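One structure is given below, encoded as structure tokens.
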Amino acid sequence: MKILAFDTAGPALSVAVSDGGRTLAAMHCPVARGHAELLLPAIEGVLKAARLPLCGVDAIATTVGPGSFTGLRTGLAGAQGLSLAINKPFVGIGRFEALAEATGVFGLRPVVVAMDSKARSLYVQAFAASAALAPGWPQEGLNRAPDAFADVVWPDNAVLIGDGAAALLACGAPLEDSGRRQLPAAAVAACACRLLA
């Protein structure tokens with residue numbers, strides 16, 4: 001299944017085309033603003049690099065949050081418009097799950113995702129080794145100031161990912177740093193491929 005995936009809700013614009021889990025082409029560009037202006041040219045460039053016309057994709061995937069409100073609107077509007085133009089489905093993928101996928105160990109080890117909310121707090125979600133939510137964690141995750149996570153019970157042997165990772169580690173969270181901070185669109189595509197299978 002060929003999937004065009006993108007993330008516009010974070011501090012970067014990321015676009016990828018995958019085929020059955022194999023990335024055909026991708027781009028990742030740190031950008032604080034201007035996702036709306038850059039999205040369609042980025043999609044065009046990635047499709048060209050993959051040697052695939054837009055009508056050749058089987059589905060479109062974009063992230064649905066948490067993240068920048070303007071970025072989320074850009075991604076959802078873009079996905080819906082492209083989906084209607086080529087009469088193919090589009091799916092929304094949570095950024096928590098997509099970032100967990102980006103660790104490379106999602107479903108094998110516990111994963112903690114930490115995202116900077118840009119409002120002096122972190123969005124944090126924890127997954128068990130089964131890829132289900134860690135016991136006691138709400139579906140929407142937690143949104144707290146970094147020092148308010150001191151009383152949290154973390155999954156044992158968990159891998160940490162996201163642009164809020166450094167803040168959690170500075171507060172003494174006993175987590176293994178993956179070293180990854182950004183969300184590659186290839187992880188969004190992998191989640192969508194699993195969902196649509």
Side-chain angles (χ1 to χ4, degrees), residues 1-107 111 113 115-116 118 123 131 159 161-165 178-197:
M1 176 174 283
K2 295 179 181 71
I3 296 176
L4 168 64
F6 43 90
D7 174 47
T8 58
L13 170 63
S14 190
V15 180
V17 176
S18 72
D19 185 3
R22 182 175 62 94
T23 302
L24 301 178
M27 66 79 61
H28 187 89
C29 176
V31 58
R33 294 193 169 119
H35 293 82
E37 295 80 9
L38 298 172
L39 179 59
L40 291 179
I43 289 171
E44 183 179 15
V46 169
L47 287 169
K48 185 175 181 180
R51 297 181 178 172
L52 185 69
L54 179 59
C55 62
V57 303
D58 300 304
I60 296 165
T62 191
T63 52
V64 295
S68 153
F69 178 70
T70 301
L72 289 169
R73 286 190 328 182
T74 296
L76 289 168
Q80 186 174 27
L82 293 170
S83 170
L84 288 170
I86 62 172
N87 196 29
K88 299 289 174 68
F90 88 89
V91 294
I93 303 296
R95 293 187 83 234
F96 284 135
E97 182 184 351
L99 271 161
E101 177 70 34
T103 63
V105 296
F106 188 46
V111 174
V113 177
M115 288 183 270
D116 184 350
K118 306 301 182 200
Y123 295 121
V159 175
I161 188 169
D163 62 359
S178 69
R180 294 178 182 251
R181 300 294 181 250
Q182 300 300 319
L183 173 56
V188 179
C191 292
C193 189
R194 190 167 51 245
L195 184 67
L196 294 168

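Side chains are part of it too, since the values below use all heavy atoms of this structure and drop only hydrogens, waters and symmetry mates. Bear in mind that the values here come from a model prediction, so they are computed numbers and not experimental data.
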Legend entry - side chain to side chain contact (heavy atoms under 4.5 Å, CB included) evaluation trace for Asp163 with Lys118: CA-CA 10 Å; Asp163 62 359; Lys118 306 301 182 200; 4.3 Å; yes
Inset, instruction - Test side chain to side chain contact (heavy atoms under 4.5 Å, CB included) on Ile60 and Ile86 and set out the steps. - result: CA-CA 10 Å; Ile60 296 165; Ile86 62 172; 4.0 Å; yes
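Minimum interatomic distance between Ala192 and Ala61 (heavy atoms only, all atoms of both residues): CB-CB, 3.6 Å. The shortest heavy-atom contact between Thr23 and Ala186 is OG1-CB, 3.5 Å. Scanning all heavy atoms of the two residues, the minimum distance from Ala165 to Arg181 falls at CB-NH1, 3.3 Å. The two residues Arg194 and Phe106 come nearest to each other via the heavy atoms NH2-CE2, 3.8 Å. Contact between Gly92 and Val64 at its shortest, heavy atoms only, is CA-CG1, 3.4 Å. Taking both residues in full, the closest heavy atoms of Ala185 and Ala16 are given as CB-N, 3.5 Å, listed atom of the first, atom of the second, then distance.
Side-chain atoms of Ser14 never come within 3.5 Å of backbone atoms of Pro184 as a donor-acceptor pair (strictly under, hydrogens ignored). Side-chain atoms of His35 do not come within 3.5 Å of backbone N or O of Leu72 as any donor-acceptor pair.
Atom CG of residue Leu13 and atom CZ of residue Arg33 lie 15.5 Å apart, to the nearest 0.5 angstrom. To the nearest 0.5 Å, atoms OG1 (Thr8) and CG (Leu38) are separated by 11.0 Å. For the atom pair Gln182 CD and Ile161 CD1, the distance stands at 9.5 Å (nearest 0.5 Å). Rounding to the nearest 0.5 Å gives a distance of 4.5 Å between CD1 of Ile43 and CZ of Phe6. With rounding to the nearest 0.5 Å, the separation of CG in Leu76 from OG in Ser83 is 11.5 Å. A distance of 7.5 Å separates CG of Leu183 from NE2 of His28, quoted to the nearest 0.5 Å.
You'll find the side chain of Val91 stays beyond 4.5 Å of the side chain of Ile3, heavy atoms only.
For the 3.5 Å distance criterion, the side chains of Asp7 and Thr63 qualify, holding a donor opposite an acceptor.
Tested against Leu24 for a side-chain contact (heavy atoms from CB on, under 4.5 Å), the candidates Leu47, Val46, Val17 yield a single pass: Val17.
Atom NZ of Lys2 has 12 or fewer neighbouring heavy atoms from other residues, nucleotides or ligands inside a 6.0 Å radius.
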